[in-house]
Structure formats: C-alpha cells, structure tokens
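Have a look at the structure below before the remarks.
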Amino acid sequence: AFISGRVLTETGLPLRRAAITVFNANTLETQTVYTNQLGYYRLDGLIVNNFYIVTVSHGKRMFLNNNQSFTLSDNLTEVN
C-alpha cells in the first residue's frame with residue numbers, strides 16, 4: 001500500500017524538501033522521503049494492517065502537530 005499527502009506552510013504555500021518519516025511499529029522499520037517542489041510526497045511499499053507513525057520535519061520550520069499515527073488498511077491519501 002502507499003500513503004501520500006502534501007506539506008504546506010501556515011500561509012498555504014508548498015513546503016519543498018520537508019522530510020516525511022514513516023515508522024512501522026510492527027517491524028520497527030523507518031523510511032524517509034522528501035516533499036517535491038509543490039510540497040507533495042508519496043511512500044510506497046507499506047504493509048497493510050500494520051501500525052504506522054508519520055512525522056514531518058524541516059530544517060527551517062517548526063510544526064506544532066508534526067506526527068500522525070494509524071493502522072494502515074488500504075492506500076491512504078491526503079496525509080497532510
């Protein structure tokens with residue numbers, strides 16, 4: 001399965017090169033991808049029915065709520 005989404009600034013502009021880190025709590029594996037110029041990202045090859053924690057970070061920005069957690073049951077879009 002995959003997850004995808006978009007990272008925007010507080011004013012709604014796309015945030016380029018934000019790091020999206022996905023931690024699989026079942027396998028203890030971590031994967032990181034970076035947003036493109038329009039703020040979009042996609043992580044493929046995720047195992048369904050596993051529990052994930054997704055975290056966003058950026059060298060020049062702070063995020064108040066920088067993580068989301070969920071059990072992945074199918075492809076998931078708009079993890080923003």
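Keep in mind it's a predicted model, so treat the numbers as computed, not measured. What you see below is based on every heavy atom in this structure, not just the backbone, and it leaves out hydrogens, waters and symmetry mates. We number each residue from 1, following the sequence as shown.
- Residues Tyr41 and Tyr34 come closest through the heavy atom pair CB-O, 4.4 Å.
- Taking a 6.0 Å sphere around CD of Gln37, one finds it holds 12 or fewer heavy atoms contributed by other residues, nucleotides or ligands.
- Nearest approach of Arg42 to Phe2, heavy atoms of both residues: NH2-CD2, 3.2 Å.
- Here the closest heavy-atom approach between residue Ala1 and residue Val48 is recorded as CB-CG1, 3.7 Å.
- For the side chain to side chain contact (heavy atoms under 4.5 Å, CB included) test, residues two or more places apart in sequence or in another chain that qualify with Ile47 are Asn24, Thr27, Asn50, Tyr52.
- Under the 4.5 Å side-chain heavy-atom criterion for Ile, Leu, Val, Met, Phe, Trp and Tyr, Leu43 and Ile53 are members of distinct hydrophobic clusters.
- A distance of 10.5 Å separates CZ in Arg16 from CG in Leu38, rounded to the nearest 0.5 Å.
- Side-chain heavy atoms closer than 4.5 Å link hydrophobic residues (I, L, V, M, F, W, Y) into clusters, and following such links, even through other members, never connects Phe23 to Val56.
- The pair Arg6-Glu78 does not meet the salt-bridge criterion, since no charged nitrogen lies less than 4.0 angstrom from a carboxylate oxygen.
- Of all the heavy atoms in Gly39 and Pro14, the pair that sits closest is N-CB, 3.7 Å.
- Under the 4.5 Å side-chain heavy-atom criterion for grouping Ile, Leu, Val, Met, Phe, Trp and Tyr, Leu15 is not connected to Tyr40 through any hydrophobic cluster.
- Between the side chains of Thr21 and Thr32, at least one donor N or O sits under 3.5 Å from an acceptor N or O.
- Cluster annotation: Leu46 is connected to Leu76 through the hydrophobic network of ILVMFWY side chains, with a link wherever side-chain heavy atoms come within less than 4.5 Å.
- A continuous path of hydrophobic side-chain contacts links Val79 to Phe63 [ILVMFWY only; heavy atoms under 4.5 Å].
- With contacts defined as side-chain heavy-atom distances shorter than 4.5 Å, the pair Val54/Ile20 qualifies.
- Here the shortest heavy-atom pairing between His58 and Arg17 reads CD2-O, 3.6 Å.
- Side-chain contact between Thr30 and Val22 is absent, with no heavy atoms from C-beta onward closer than 4.5 Å.
- Using a distance-only test at 3.5 Å, with no hydrogens or angles considered, a donor-acceptor pair links the side chain of Thr35 to the main chain of Ala18.
- Between the side chain of Gln68 and the main chain of Asn80, a donor-acceptor pair closer than 3.5 Å is present.
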